Amino acid sequence: MTPDVRVCEDVADLAERGADAVAAAIAAAVQSNGRCTVALAGGNTPRALYETLAARFAGNLPWTRVHVFWGDERFVPSGDRRRNEAMARETLLDHVPCPPANIHPISGDAASSAAAADEYEATLRRQFSSEWPRFDLVLLGLGPDGHTASLFPGSSALDETTRWAVDATAPADPRSRVTLTLPVLNSAALTFFLVAGAEKADAMRRVLAGADARILPAAGIRPSRGAVVWWADRAAVS
Ligand code: 6PG
């Protein structure tokens with residue numbers, strides 16, 4: 001199947017078009033399901049999109065029906081600015097009326113990253129009644145090495161078939177991570193990759209060509225009953 005790639009002029013264009021698409025997905029999910037469950041991406045690329053989403057849609061989306069999760073997190077103490085949660089609060093969640101009870105961060109204060117993963121899975125089980133949590137929307141980034149969320153090349157996390165969240169190790173600081181697993185990510189109804197920069201072009205091209213997920217984990221994102229849209233700037237598709 002031909003990948004759905006939306007080429008954006010630059011990061012600003014990606015942010016604007018991506019924010020409009022995220023808003024539409026949120027509205028559609030609430031309309032059809034009564035709520036929207038979204039797993040946010042971390043890193044830097046989503047920042048501008050989150051800021052645009054807050055600026056444009058703080059007052060005209062059903063935020064009280066939106067439940068916010070994360071695809072992965074750096075296992076550093078709550079309040080540490082390196083957390084994906086910190087970035088999302090700074091750019092989006094502190095600027096929209098999403099109830100605190102609807103925001104489900106991955107713990108940074110558990111006894112270990114494995115314990116944090118278990119706690120996060122327990123949170124997911126409370127929030128989802130299905131056999132697998134089916135997120136209405138998952139936002140993902142792409143690393144130059146083909147990683148996505150905190151699923152890194154060669155990681156044993158790539159082989160996980162039963163746990164919903166696991167601890168993982170990144171090749172760069174912060175090394176200790178918690179990540180959703182491929183079965184959960186592949187249960188999503190809609191997945192948006194957010195990719196910007198020439199340094200991602202090789203990985204993106206190889207993933208779209210059908211690379212081995214053990215080598216380029218983003219290639220493992222193949223939802224059985226869901227759509228994948230790549231929002232990429234011109235540099236990333238060069
Ligand atoms: C993280 C993210 C990670 C990120 C990619 C791309 O915790 O950093 O989960 O998977 O999405 O590394 O990051 P950029 O968008 O900053 O290039």
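Every number for a ligand or one of its atoms is a count from 1 in the order of the listing. Note that the coordinates shown come from a computational prediction; the quantities given were computed from them, not determined experimentally.
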Open item on the list: Between Arg74 and Asn84, do the side chains contain a donor N or O and an acceptor N or O under 3.5 Å apart?
Closed with: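 There is such a pair between these side chains.
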Open item on the list: Whether the Asp72 and Thr179 side chains hold a donor-acceptor pair (N or O, under 3.5 Å, no angle test) is what I'd like checked.
Closed with: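 On atom types as modelled, these side chains do not qualify, holding no pair under 3.5 Å.
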TODO: Would you confirm whether Glu90, through its side chain, and Leu92, through its main-chain N or O, come within 3.5 Å as a donor-acceptor pair?
DONE: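 The answer is no, because no donor-acceptor pair under 3.5 Å joins these two groups.
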Task: Passing option when Leu139 is tested against Trp231, Tyr50, Phe193 for side chain to side chain contact (heavy atoms under 4.5 Å, CB included) - done: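 Of all the options given, the one that passes is Tyr50.
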- [ ] Check whether more than 12 heavy atoms from other residues, nucleotides or ligands sit under 6.0 Å from atom CD of Gln127, and answer yes or no.
- [x]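 Atom CD in Gln127 is packed in, count exceeds 12.
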Open item on the list: Parallel, tilted or perpendicular: which one describes the rings of His104 and Phe69, with boundaries at 30° and 60°?
Closed with: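 Parallel: the ring planes of His104 and Phe69 meet at under 30°.
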- [ ] Non-hydrogen atoms closer than 4.0 Å to ligand 1: which protein residues do they belong to? List them by chain and number, please.
- [x]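 Ligand 1 is contacted, at a heavy-atom distance under 4.0 Å, by Gly42, Gly43, Asn44, Thr45, Asp72, Arg74, Asn84, Gly141, Leu142, His147, Ala149, Arg177, Lys200.
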